[in-house]
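Just below is one structure, and these are the notes that go with it.
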Amino acid sequence: DFNFDNLAAAAANIRVAPKPFTIEQARIWLDDMVPPPKDGRAWGSVASQAVHLRLIRKTGQFAPAVSSHGSLKPTYVAG
C-alpha cells in the first residue's frame, strides 16, 4: 500500500515543474518527497490519486516515456 501523506506537500514541487510533464518525469523530481510504491507498476495509482485530489490534471496530450521503450504516456500540469 502506498502512503499518500506526502503527496500534497510534493505538489509544491510540481507547480514549478516544466509543463506539461509525464509521471515518469515527476517521479524523478519527487523522489525525496514521495517514496516509490512497493511495485513500480503502481505509479498509475499514485497519478490517479493526485488527479482525484486535484494536485495535477491531464492535458489530453502524450509524450514518450524512456521507461516504456518510448511508449506514449499522458502528460499532466499542476492542478
Side-chain angles (χ1 to χ4, degrees):
D1 293 325
F2 185 80
N3 183 344
F4 289 97
D5 292 343
N6 291 340
L7 198 54
N13 283 3
I14 290 175
R15 296 201 187 287
V16 297
K19 297 175 180 148
F21 59 88
T22 64
I23 294 303
E24 179 179 58
Q25 292 167 322
R27 286 168 46 184
I28 295 167
W29 307 325
L30 303 177
D31 188 44
D32 292 340
M33 297 188 75
V34 180
K38 291 179 183 176
D39 184 336
R41 297 172 293 178
W43 277 107
S45 174
V46 175
S48 294
Q49 184 67 19
V51 169
H52 176 75
L53 295 172
R54 298 182 182 196
L55 301 175
I56 60 174
R57 62 183 168 83
K58 286 187 175 183
T59 65
Q61 299 173 341
F62 297 85
V66 174
S67 64
S68 301
H69 303 289
S71 296
L72 294 178
K73 300 294 179 181
T75 59
Y76 300 84
V77 292

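Just so you know, these numbers come straight off a predicted model, no measurement behind them. Index from 1, following the sequence. The analysis underlying the following values was restricted to heavy atoms, covering all of them including side chains, and did not include hydrogens, waters or symmetry mates.
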Side-chain polar contacts of residues 61-72 - donor-acceptor pairs under 3.5 angstrom, sequence neighbours left out - could you list them?
from: S67; atom 1: OG; to: E24; atom 2: OE2; distance (Å): 2.7
from: S71; atom 1: OG; to: S68; atom 2: O; distance (Å): 2.8

Any residue meeting side-chain contact (heavy atoms from CB on, under 4.5 Å) with R57, in chain and number order, not counting sequence neighbours: V77
Please find the pair of heavy atoms, one from A78 and one from F21, that lie closest to each other, and give the distance. N-CE2, 4.1 Å
Interatomic distance, T59 atom OG1 to K19 atom NZ [nearest 0.5 angstrom]: 12.5 Å
